[in-house]
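To keep things clear, I will list the structure first and then write my remarks on it.
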2 protein chains.
Amino acid sequence: MKNKTDMPLKMKDVLREQISGGSLLPLQKLPSERDLSDLFSITRISVKDALASLETAGLIYKENRRGWFVSPPRVEYNPLSRSHFHQMVTEQQRIAETQLINISTMMAPSHYAKTLALTELTEIHVIERLRFIDGRAVLFVENCLISHFFPNIISENLTQSLTTLYQTKYNFTTSRSRFDVIPAAAPAHVAKALNISPGQQILKICRVNYNQHAQIIDCEFEYWRPDAVMISIDSIEH
Amino acid sequence: MKNKTDMPLKMKDVLREQISGGSLLPLQKLPSERDLSDLFSITRISVKDALASLETAGLIYKENRRGWFVSPPRVEYNPLSRSHFHQMVTEQQRIAETQLINISTMMAPSHYAKTLALTELTEIHVIERLRFIDGRAVLFVENCLISHFFPNIISENLTQSLTTLYQTKYNFTTSRSRFDVIPAAAPAHVAKALNISPGQQILKICRVNYNQHAQIIDCEFEYWRPDAVMISIDSIEH
DNA sequence: TGAACTCACTGAACTAGACCAAAGGATGGC
DNA sequence: GCCATCCTTTGGTCTAGTTCAGTGAGTTCA
């Protein structure tokens, strides 16, 4: 029964059409909120609502105070596979990069201690890294290693795969991993690194890895931009 | 440097506090947006923004034109396990219910045909069901079965586990399953059943099941309220 | 050449209202 | 006791602005 023009809906349809039709390409910037509000004669609040709903659908994303952009296709990610980030991304004809953000060594704070099933008096290394696909920051990773398993690891090149490093330098293979996938809000430090607004929706993956002696050796917290990834698992691969 | 009172932030803190502190219990209704906007002397837009950010964090949820409610704890769900919905929920000391929404029989439309790897001239049954935890609708499921594998299935009781039915009546066991997890927006028919606004964030799980003869027998599309679930997988269980 | 500065443009966050449509309780007729 | 109708309350959607803070390109100056 709606015979109003419903410009906000029209704006969504136009953008959807331009994205699927290829007039707007992945990573391309959309017009500014102010321009869109003039173009379609609607307020900026309506523009923001409409853009937010396209964002939820995974069609567009925003960068803090920079603007809105068209989302590239999702990468398929199997958290159970041995394949690491660079290999996985490359196999899907995309370009991967890793940037080291921070390393710190500390006594395990309670939430890490709990995940690693150890006491708070154990020393851990926390490695924070940012991962890019096709030049876009899509994943913030916190790796938390139990120090005594990995002497001198902090002097290694930590932009490569940690799994490979575990194997070649420390002779540890991952015999078992356990992980949780949770739709959540971005914590402040993650939001800053990914250049999104704090509290925005992200996909959180918490993983715990066991070595060949069934010892927990490290855990990992991954924070993905929700439009960048799709978890894909096949029971036959184990 | 912010020395403004920042009432929207204060509202979030108060609600967060009341939820974690137990003054607001799971499934309990929050004051209306208008009441909150009076209480904290902020506009309804700011109230909505603040509530939306608590929603993203998984603390509260809303029902269409009914109001905002406190989210119960997430259930842990392992899509690889043989355990079915009722069993999984019961094991976590929660109450499960299933409601049959609709059954239809048709020639496979293209997106189903693609997922099931068959031609569009194959007949399929589509079973739509709504699942509840502790009385709250949290999951909309579409099961799509290849008809010739399941003669007369539509006259069975379809609020029980389909996996069990496959086994007892048709002698099919699931030998392999493959699934994708995607943060997405709720399609209109799903939004209606779950009583959420169309386009709102949900967690979509697409699963394909193979029988003991390595034939694809059905696929399933699950749409979860994102605050209700957490995917939890352990590689050792296979 | 290169580092520091300026400034226009961007979204972020907010105020102060408006009307609409669905939900659901209260009411009243039978 | 039951059912239809009314009415209040709810969120949904929208208009029309404002102020603030980070971004980044261009400019200036040592």
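First the proteins, then the strands, lettered A, B, ... as listed; each starts at 1. Since this is a predicted model, take the numbers as computed values, not measurements.
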Quiz prompt | Phosphate contact (dG17(D) OP1 or OP2) by T43(A) side-chain N/O below 4.0 Å | solution = no
Quiz item: Roughly, in whole Å, what's the span from CD1 in I42(B) to P in dG17(C)?
Solution: 15 Å
Quiz item: What is the ring orientation for Y223(A) with H189(A), classed by angle as parallel under 30°, tilted 30 to 60°, or perpendicular over 60°?
Solution: perpendicular
Collect all protein-nucleotide pairs involving nucleotides 22-25 of chain C in which both atoms are nitrogen or oxygen and the distance is under 3.5 Å.
residue : atom : partner : partner atom : Å
dA22(C) : O4'  : R65(B)  : NE           : 3.3
dG24(C) : OP1  : R66(B)  : NE           : 3.4
dG24(C) : OP1  : R66(B)  : NH1          : 3.3

Quiz item: Between I45(B) and D35(B), which has a closest nucleotide on DNA chain D that is more 5'?
Solution: D35(B)
Quiz item: Just how far, in rounded Å, is P of dT13(D) from CG of D49(B)?
Solution: 14 Å
Self-check item: Length of the line joining L30(B):CG and dT10(D):P, which is rounded to integer Å
Solution: 13 Å
Quiz prompt | Length of the line joining L51(A):CG and dT13(D):P, which is rounded to integer Å | solution = 15 Å
Quiz item: What's the closest nucleotide to the K48(B) side chain, out of dT15(C), dT15(D), dT13(D)?
Solution: dT13(D)
Quiz item: Hey, does the side chain of S32(B) reach the backbone of D35(B) with a donor-acceptor pair shorter than 3.5 angstrom?
Solution: yes
Self-check item: Nearest-Å distance for atom pair CZ/C1', residues R44(A) and dA13(C)
Solution: 10 Å
Quiz item: Among pairs that include at least one residue of residues 84-107 of chain A, which meet salt bridge (Lys or Arg N to Asp or Glu O under 4.0 Å), considering only residues two or more places apart or in two chains?
Solution: R94(A)-D134(A)
Quiz item: Tell me: NZ of K62(A) to C1' of dA12(C), nearest whole Å?
Solution: 8 Å
Quiz item: What's the NZ-P distance between K29(A) and dA25(D), to the nearest Å?
Solution: 12 Å
Quiz item: Roughly how far, to the nearest 0.5 Å, is CD of Q160(B) from OG1 of T163(B)?
Solution: 10.0 Å
Practice problem: Of all the heavy-atom pairs spanning L24(A) and K29(A), show the shortest one and how long it is. | Solution: CD2-O, 4.5 Å
Exercise. Pick base, sugar-phosphate or nothing for S41(A), based on heavy-atom distances below 4.0 Å to the nucleic acid.
Key: sugar-phosphate
Practice problem: Indicate whether OP1 or OP2 belonging to dG11(C) is found under 4.0 Å from a side-chain N or O atom of S197(A). | Solution: no
Exercise. Measure from CD on E33(B) to C1' on dA16(C) and round the result to the nearest Å.
Key: 16 Å
Practice problem: To the nearest 0.5 Å, tell me how far T98(A) OG1 sits from H86(A) NE2. | Solution: 2.5 Å
Quiz item: Contact class for S32(B) (heavy atom, under 4.0 Å): base, sugar-phosphate, or nothing?
Solution: sugar-phosphate
Quiz item: R34(B) side chain: which of dT15(D), dT15(C), dG12(D) is closest?
Solution: dG12(D)
Quiz item: Honestly, is R136(A) close enough over Y61(A), meaning NZ or CZ under 6.0 Å from the six-membered ring centre and within 45° of the axis?
Solution: yes
